[in-house]
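As the structure is a computational prediction, the values presented were derived from the model and not from experiment. Numbering of ligands and ligand atoms starts at 1, following listing order.
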Amino acid sequence: MIVLGIDTSCDETAAAVLSDGRSILSNVVASQLIHSEFGGVVPEYASRAHIRTIQPVVEEALSEAGIGYDGIEGIAVTSRPGLVGCLLVGVSFAKALAYSLDVPVVGVDHIEGHVFAVRLAEPSIPLPTVCLVVSGGHTELILVEDWGSYRTLGRTRDDASGEAFDKVGKLLGLSYPAGPVIEKLASDGDPTAIRFPRAMMKRGNLDFSFSGVKTAVRYRIDELDAPLEGRELADFLASFQEAVVDALVTKTMWAAEANDVPSVCLGGGVAANGPLRTRFQEEAARLGLASVVPPKKLCTDNGAVIAAVGDSLLSKGVRDDASLTISASREAARARR
Ligand code: KG4
Ligand code: ZN
């Protein structure tokens, strides 16, 4: 089956074409640069940009895949969670296209999309597995019993890990999204220079909290006489990054041991972070666990992972219709069903 996957949940307009649930024929992502000066996503600007970009992005995905509109056999679209106005653009477009082509459409959970990056990267990963999903809006440890069958083991009590990177970046006047900028600036810094706090590090506690490290960063910045630069900035950021990575990796391994799984895996935009990827694989190997760390392009928001979830749902006979709607949160989506 040829599935078109669409994601407009935040500030990326993404479309991809997937064949038979695993072979990516195209994966086009248009990132919105308009938010960089604001230190975060401005929802109204984001939805307007999606309206302008969605059709060209879909057509580019089709053209790269070497098919026309008539080659689409099913459409998958992120319908939850995300920014309401942004989700609406993708869902409205997908429903109209499905109606005009007379093909099925299915709404997809964005977080499940991040989990499916792992399946696309390594379909034979031994299950059950513990998946760490780390993005700008979410930080969760998920027990994947099977594809489509999940149990949340822990989640952030305040900021998401990507949000922590973005907020620390904003405090230091870096552009949004700050994650990749911080990683680059921290690359030759000493991660042991400053001991930033790691929250809730009692073994067995699988929840996260990143507001403490953010506040610690703010206090240190307030105490400075001059802005950080050069070596000092590199050490500062490497130490912050280390505190976040340490909490994420430590708790994933605790979750793996507590649930006696043979493997661990990673998804979401923050999973593009080099030190996190390396440390995750090292710790898994030390514990004798298989680990899957998908290519960066599949970790950050993209349509291929949405198409992969869609393919799996459509092949089980799951379908939505014109009543498909959007939800800002997963809880709201569950309550309605
Ligand atoms: O999954 P994603 O693309 O969008 C959401 O669903 O939120 O994740 C975006 C987040 C942003 O907070 C961004 O700063 C962070 O992922 N991010 C990174 C890196 N690349 C993206 N954080 C740390 N290091 C990176 N290399
Ligand atoms: Zn995401």
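Atom numbering of ligand 1 starts at 1 in the shown order; those under 4.0 Å from a heavy atom of Gly137 are 7 (O). Those atoms of ligand 1 that come under 4.0 Å of a heavy atom in His114, given as number and element, are 1 (O), 6 (O). For ligand 1 and Thr300, the ligand atoms under 4.0 Å from any heavy atom of the residue are 3 (O). Of all the atoms in ligand 1, the ones that sit under 4.0 Å from a non-hydrogen atom of Pro177 are 13 (C), 14 (O).
Between Phe196 and Phe210, the gap from one ring centroid to the other reaches at least 6.0 Å.
One hydrophobic cluster, built from ILVMFWY side chains closer than 4.5 Å, holds both Tyr150 and Val133. Hydrophobic clustering (side-chain heavy atoms under 4.5 Å, transitive across Ile, Leu, Val, Met, Phe, Trp, Tyr) keeps Val41 apart from Val57. Follow the hydrophobic side-chain contacts under 4.5 Å out from Leu324 and you reach Leu4 in the same cluster.
Ranking the protein heavy atoms by distance from atom 11 (C) of ligand 1 puts Asp166 OD2, 3.5 Å first. Looking from atom 7 (O) of ligand 1 to the surrounding protein, the closest heavy atom is Gly136 N, 2.8 Å. Nearest non-hydrogen protein atom to atom 6 (O) of ligand 1 is His110 NE2, 3.1 Å. Of the protein's non-hydrogen atoms, the one nearest atom 24 (N) of ligand 1 is Asn273 ND2, 3.0 Å. Of the protein's non-hydrogen atoms, Glu183 OE1, 2.7 Å is the one closest to atom 26 (N) of ligand 1. Closest to atom 4 (O) of ligand 1 among all protein heavy atoms lies Asp301 OD2, 3.0 Å. When hydrogens are left out, the protein atom nearest atom 20 (N) of ligand 1 is Gly269 O, 3.5 Å; that is the closest non-hydrogen contact. Looking only at heavy atoms of the protein, atom 18 (C) of ligand 1 is closest to Gly179 CA, 3.6 Å.
Residue contact annotation: Cys10 has no non-hydrogen atom under 4.0 Å from ligand 1.
Between the side chains of Ser209 and Asp158, at least one donor N or O sits under 3.5 Å from an acceptor N or O. Inspection of the Glu122 and Ser124 side chains reveals an N or O donor paired with an N or O acceptor under 3.5 Å. For the residue pair Thr8 / His50, no side-chain donor-acceptor distance below 3.5 Å is found, with atom types taken as modelled.
Ionic pairing of Glu223 and Arg220 is not present here: no N-O contact between side-chain nitrogen and carboxylate oxygen is shorter than 4.0 angstrom. The pair Arg48-Glu44 meets the salt-bridge criterion, since a charged nitrogen lies less than 4.0 angstrom from a carboxylate oxygen. By the 4.0 Å N-to-carboxylate-O rule, Arg279 lies close enough to Asp246 to be salt-bridged with it. A salt bridge links Arg231 to Asp235: at least one charged side-chain nitrogen sits closer than 4.0 Å to a carboxylate oxygen.
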**Report entry** Residues Arg151, Asn259; criterion side chain to side chain contact (heavy atoms under 4.5 Å, CB included); working and verdict
**Finding:** CA-CA 11 Å; Arg151 194 149 62 80; Asn259 289 279; 3.8 Å; yes

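No donor-acceptor pair under 3.5 Å is formed between the side chain of Lys95 and the backbone N or O of Asp321.
Neither the backbone nor the side chain of His138 has a heavy atom within less than 4.0 Å of ligand 1.
Distances shorter than 2.8 Å separate the Zn ion (ligand 2) from the protein N/O/S atoms His110 NE2, His114 NE2, Asp301 OD1.
The shortest N or O to N or O distance between Gly162 and ligand 1 is below 3.5 Å.
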